[in-house]
Number of protein chains: 2
Amino acid sequence: MSTVPGRRLAAADAVLRPVRAGNAFEEAVEALLRTIRLGVVSPGDRLPPERELASRLGVSRATVREAIAALADAGHLTSRRGRYGGTFVVSPAAPTAPLAPETAASLEDVLVFREAVECGAAAAAARAPLDEADKQHLVERQKACAQAADYRPADSRFHLAVAEASGSALLLNAVADARVRANELLDAIPLLPRNIDHSERQHRGILRAILAGNPDSARSAMAEHLEGTAALLRGFLG
Amino acid sequence: MSTVPGRRLAAADAVLRPVRAGNAFEEAVEALLRTIRLGVVSPGDRLPPERELASRLGVSRATVREAIAALADAGHLTSRRGRYGGTFVVSPAAPTAPLAPETAASLEDVLVFREAVECGAAAAAARAPLDEADKQHLVERQKACAQAADYRPADSRFHLAVAEASGSALLLNAVADARVRANELLDAIPLLPRNIDHSERQHRGILRAILAGNPDSARSAMAEHLEGTAALLRGFLG
DNA sequence: TCCTAATGGTCTAGTCTCAGTCCATTGACT
DNA sequence: AGTCAATGGACTGAGACTAGACCATTAGGA
């Protein structure tokens, strides 16, 4: 009944899994780190007020404050009191701790998962009825990548925008999850300008297919795009 | 910054989401109900011992016991003491409570999500290097559907087997999640023999494509299969 | 027949988390 | 200069949850 390395995945493991990832404090820290790592808030930006964060994350304000204090200690956040005060992002989150030994084992897991949800999102976005504002949003996120000083957060924002366009909150969650996991691995390997150029061309291709309402082509463009970093990761870590 | 009906999905909502779905007791009840609803344990089967459930679900044994007591009260479970005792499934879980009013709003969400992860799983399974035991397992699950007295759990077991074959635990989790949500909706509408026949033919098609190692054909077979229940749901609930 | 191991049943002390309240600080607006 | 609303900061009491120990029951095996 338990998970044994090398054993086939069992459905029971998927259902009888931990119902909570850790204590409330740890999960709050993770949630805040994700918002920084994925570029949802950029350095200099203000986080929502503590009371709103507490309600969003479903934890008490005391717990949110503990999490913020921990990240402030680590130098990622800083708080200012008073009206127009708040909690601000100081710097991009430091690279994740050195990769755990089980990285290689879970590498394929993450890559397969990411491929499934991101390709699904691209196809769904191409199928969804997008209004002008939606389309504009996608285009902006794509263009923002080209000028971004820090490429990876901008890249994540584009991919999240694609997931948003799918119209499914569940799928958006899954894509965000997949990207956090993939980024943890990608942080361990270098980012070359030449890869960025290539990636940019592929982004334009994905965008074109979505705007044209062509699901199959959006999916395969996304698959090709992901294959790039997948190969990179397999090379460095596999 | 907050989620407003009709507003475009925002990435911040995907990242700053509740870190825990409810209290430990509720989540434990949900987890146990899922194992029954998805047919991971059948009527008459024994659940893992309380101590193991506690460790699996990441909650205390006291909480597991509360959850079991609640489900025993409802008539779904029964416990016996002593060695070779345990907690046993009495009957299939009763239909979910009447559908919440926001059902229609989330219907598309669930359907899009399910399509993405299940099609992704089918394609990944076709790509994965399956050994003889893996293939045999898939074939058995497909055949089991044809003879099952209760179709839906058997159907779920086949779909979960496909996700298992993908080799990605993350994807397996996502498929299990999607199915639980979809089943909650499907429980509200009738199941016709003629739909079952059709579904069975499609299962065989999916299986064939996976065994043949053809990802594209596995994906489109799965998409067609899902479209059937999607249309049914849209008709009854949309 | 007795022993033993595996299981559910019970209890306790301690920690974590929460909801709510009130205080302190700040800067824009009047 | 004064006011005020929005924010972070601090505290408390109550409840949830946990870890661990111990008890009670059962059926198979020595």
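Lettering of chains follows the sequences in order, A, B, ..., and the numbering in each one begins at 1. All figures in this text were calculated on a predicted structure; none of them were measured in a lab.
- The CG atom of B/L53 sits 17 Å away from the C1' atom of D/dT18 (whole-angstrom rounding).
- You'll find a donor-acceptor pair under 3.5 Å spanning the side chain of B/R61 and the base of C/dG9, going by distance alone.
- The CG-P distance, from A/N23 to D/dT18, rounds to 11 Å in whole Å.
- Remark: A/T63 is in phosphate contact with C/dC18, judged by side-chain N or O atoms under 4.0 Å from OP1 or OP2.
- Counting any heavy atom pair closer than 4.0 Å across all strands shown, A/R65 reaches a base atom.
- Here B/D109 does not pair with B/R181 in a salt bridge; the nearest charged N to carboxylate O distance is not below 4.0 Å.
- In this entry the distance linking CD of B/E52 with C1' of C/dA6 reads 13 Å, nearest Å.
- The interatomic distance linking A/R81 (CZ) with C/dG27 (P) rounds to 12 Å, in whole Å.
- As rounded to whole Å, 12 Å separates atom P of D/dC4 from atom CZ of A/R83.
- Atom CZ of B/R51 is separated from atom P of C/dG9 by 11 Å (rounded to the nearest Å).
- Going from atom CZ of B/F25 over to atom P of D/dA16 covers 11 Å, rounded to whole Å.
- A/I68 places its CD1 atom 12 Å from the C1' atom of D/dG9, with the value rounded to the nearest Å.
- Under 4.0 angstrom from either OP1 or OP2 of D/dT7 there lies no side-chain N or O belonging to A/S79.
- With sequence neighbours left out, the ring pair (Phe, Tyr, Trp, His ring centres under 6.0 Å) criterion links A/F158 to A/H203.
- Judged by distance alone, with hydrogens and angles left aside, A/R80 brings no side-chain donor or acceptor close enough to the base of C/dG27 to form a pair under 3.5 Å.
- Taking the side chain of B/Y84 as heavy atoms from C-beta on, and the options D/dC17, D/dA27, C/dC18, the nearest nucleotide is D/dA27.
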